[in-house]
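To keep things clear, I will list the structure first and then write my remarks on it.
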Amino acid sequence: PQLKKADQPSASFEFGASTSSQINSQTLATMSCLPYPTFLQRPTQTSTTKSLSAAGRARIHPLTCPGRSSAGDDDKDSGSTATTKSEAQAEYQAIISKCIEQSQVDDSDKSNKENAKLRKKYMKEGVAMASSYLTETLGLDVSIVDVEIVLNIDSIIETDGCLASCFLDAGCAYVVIRAKEEQEDTGGGLAKALTACDATRVPRGRLVLHCKSGISSEIVDQMGEISSRVGTVSVQITDPVSSTRVDWNDIPKLDDVKCVVQLSMSDKTSDEDLIKSVAALSKFIGENKGSITLVDPTAEQLGLCYAACMKTDRPDGLYTTVVCTRSNEALGLVYSSKESIIAALQCGRGVYYSRSRNGLWRKGDTSGHYQTLHRFDADCDGDALRFTVTQNGDDIKAFCHLNTLTCWGEPKGVRHLEGTLAQRLKDAPPGSYTKRLFDDDQLLRDKLVEEAQELSEAETKQHVAEELADVLYFAMVRAAKAGVSIDDAVSELDKRARKVTRRKGDSKDFRIAAGEKILGKKG
């Protein structure tokens, strides 16, 4: 792919200025790209800003990001945050050390099963450490938030690429590769970055090349080599408002490579100028061509910039919002304002705008049926929002004021079965077979094995559907007994979809033997 310079505006753009005179309207796409946070120095969570990652994507700089603050303040110089930062960095370095151990085990000789087992052991330990770092230390839900982890070249090469696959297997969506800053000006950084890309041995769509010093002539000349290795090029714009102008030709426009602009804010940057700048940049990058990430934003900055990249034709300026479960089941239709988006980012809950009350509606403050916010997204036209939440409640989990889960009445299918099982677990009627399964571990285990075997032997479409329904029932009884929900299973599936390391998946003889023993006993 070649740079399409003819498609790029020739003029520079002044930050904070009106966009109409700066960007030709013919270059604008129907949907703007949307901003997300980069955590460089600030904590990923505090007591006053709990869910910036709910913007759907987050970039992490592990060498400087302090993790989530237990003290609950945003001051990166506070004593508590400094301690957390030190612990987070030590944890990250331990992951690198484990990946080095893995890379030093030679498993090229397939007949050496001991080395293969040892390398697998180190790999699993590294992934477990990385998973704990992402979910516990950083407080990120990697099953639903697209997490980008920024790794330096030396660490990737030193671990023979194991560090990259480790974090992807732990749930990260992308690995961002950046050269050492002092090497970029001499040109050595790019060559070494391409070597690091090759060392990862992961699909190019999972790699981002970060150009800290901008798009140099060497990078333009090597764009063919770059685009064969990565799916996204990341450009850093430092202190944009104080420098006032950015050459749009520095931002690559490629057929099959997306662009992310990492935007740093000066202390002198006004929110008004930042919002105008992000909105203009969003339109320039265009639909499905890239994104903008704001370095260490406040909830207000991120929320206002996000809203500025959307549109609404409503006279009250509100955004139509669909509230969904982790399984994309619609709970209800509400409205969001700029203020409610900011409030949701701050508290990590479902917060909307109530037209009847003419103010913020924090779902659950009155009813107790509050929502845990996982992420929000704009639709393809950029004029509607989707909030993905977990509906909570001590008595019942109800979104609707009629005390049903959804505003369209009682759920059907698997969700209805989940609710029935939860009720049986608390208060089952006399003679309940489900209650019997809850109370008899051996019976439940035997039925799971039996129904799975019948499913494996079913031949017709109808028979497969019937046996699948049986397996689902008994599996959900087992899940309900263990306190596992449908959304928990969806979360696990989504995390597995991000893995790049795949097992052979052969059957386990000892499991087959155990199953046959159960079936033989029943026969």
Side-chain angles (χ1 to χ4, degrees), residues 1-2 33 36 38 56-62 95-96 99 102-103 107-108 119-120 122-124 126-127 130-131 133-134 140-179 189-211 219 222-235 252-260 262 285 287-291 293 491-505:
Q2 299 294 319
C33 68
Y36 61 94
T38 282
R57 192 165 171 175
R59 178 174 290 189
I60 304 296
H61 288 256
I95 297 169
I96 295 177
C99 289
Q102 177 189 346
S103 67
D107 66 343
S108 58
R119 188 178 176 95
K120 181 179 179 181
Y122 289 153
M123 182 270 291
K124 293 176 70 175
V127 171
S131 179
Y133 170 76
L134 293 166
L140 299 172
D141 184 352
V142 295
S143 68
I144 195 168
V145 175
D146 298 330
V147 176
E148 305 173 358
I149 190 79
V150 181
L151 306 178
N152 66 45
I153 289 175
D154 290 338
S155 295
I156 293 174
I157 295 176
E158 186 179 14
T159 62
D160 191 30
C162 292
L163 184 63
S165 56
C166 175
F167 273 103
L168 293 176
D169 287 343
C172 286
Y174 305 98
V175 165
V176 181
I177 299 175
R178 64 176 180 88
L190 178 58
K192 204 169 182 181
L194 296 180
T195 299
C197 290
D198 292 336
T200 66
R201 295 182 288 276
V202 302
R204 62 180 285 273
R206 305 292 294 275
L207 296 179
V208 179
L209 177 64
H210 182 58
C211 306
I219 289 176
Q222 294 291 318
M223 194 56 73
E225 291 293 321
I226 293 170
S227 62
S228 68
R229 290 169 169 84
V230 304
T232 303
V233 173
S234 176
V235 182
K253 300 272 282 188
L254 301 172
D255 288 331
D256 61 346
V257 177
K258 296 181 180 181
C259 175
V260 172
Q262 181 174 299
I285 294 175
E287 181 178 13
N288 202 33
K289 293 298 183 182
S291 305
T293 179
S491 173
E492 185 61 31
L493 287 171
D494 288 339
K495 282 192 290 187
R496 293 183 184 185
R498 299 192 190 277
K499 288 187 175 183
V500 293
T501 302
R502 301 296 179 185
R503 295 180 296 179
K504 291 175 63 177

message = Less than 4.5 Å apart, side chain to side chain, heavy atoms only: is that true for L190 and I226?
response = yes
Any carboxylate oxygen within less than 4.0 angstrom of a Lys/Arg side-chain nitrogen, looking at R119 and D107? yes
OH of Y133 to CD1 of I60, rounded to nearest 0.5 Å, is 7.0 Å
Residue set satisfying salt bridge (charged side-chain N to carboxylate O under 4.0 Å, His left out) with E492, at least two apart, ordered chain then number -> K495, R496
Between S227 and V257, the two heavy atoms sitting closest are CB-CG2, 3.3 Å
Here the gap from I156 atom CD1 to D198 atom CG, rounded to the nearest 0.5 Å, amounts to 11.0 Å
OH of Y174 to OG1 of T232, rounded to nearest 0.5 Å, is 6.5 Å
All heavy atoms of A130 vs all of A170, minimum pair found to be CB-CB, 3.7 Å
Heavy atoms of P203 and V500 approach each other most closely as CD-CG1, 4.2 Å
Flag the pair I149 / H61 as yes when at least one side-chain heavy-atom distance between them is below 4.5 Å, and no otherwise.
no
- Quick one: does V127's side chain get under 4.5 Å of K499's, heavy atoms only? no
What one should report as the nearest heavy-atom pair of V230 and R204 is O-NH2, 3.0 Å
Side chains of I177 and I153: does their closest heavy-atom pair fall under 4.5 Å?
yes
Check against salt bridge (Lys or Arg N to Asp or Glu O under 4.0 Å), D169 and K124:
CA-CA 9 Å; D169 287 343; K124 293 176 70 175; over 6 Å; no
Hits for side-chain hydrogen bond (donor to acceptor under 3.5 Å, both in side chains) against Y36, two or more places apart or cross-chain, chain-then-number order -> E148
In terms of heavy-atom contacts, T159 and C99 come closest through CG2-CB, 3.8 Å
Requested in this report: Apply side chain to side chain contact (heavy atoms under 4.5 Å, CB included) to the pair V175 and V202, showing each step before the final yes or no.
Outcome: CA-CA 10 Å; V175 165; V202 302; over 6 Å; no
Checking side-chain polar atoms at under 3.5 Å, does S155 have a donor or acceptor matched by the opposite partner on N152? yes
Taken to the nearest 0.5 Å, the spacing of Q102 CD from L163 CG works out to 10.0 Å
pair R201-S165: side-chain heavy atoms closer than 4.5 Å: no
Next item on the list: Go through the side-chain N and O atoms of R59 and S234 and say whether any donor and acceptor fall under 3.5 Å apart.
Entry: yes
* Would you call S291 and V260 a side-chain contact if the rule is heavy atoms closer than 4.5 Å? -> yes
Practice problem: In sequence, state the C-alpha distance, the side-chain angles, and the governing distance for D146 and R498, and then conclude on salt bridge (Lys or Arg N to Asp or Glu O under 4.0 Å). | Solution: CA-CA 10 Å; D146 298 330; R498 299 192 190 277; 3.0 Å; yes
Minimal heavy-atom distance between S491 and D141, with the atoms involved, is OG-OD1, 4.4 Å
d(T195 OG1, R229 CZ) to nearest 0.5 Å is 7.5 Å
| Under 3.5 Å side-chain donor-acceptor pair for T293 and T38 | yes
CZ of R206 to OG1 of T200, rounded to nearest 0.5 Å, is 11.0 Å
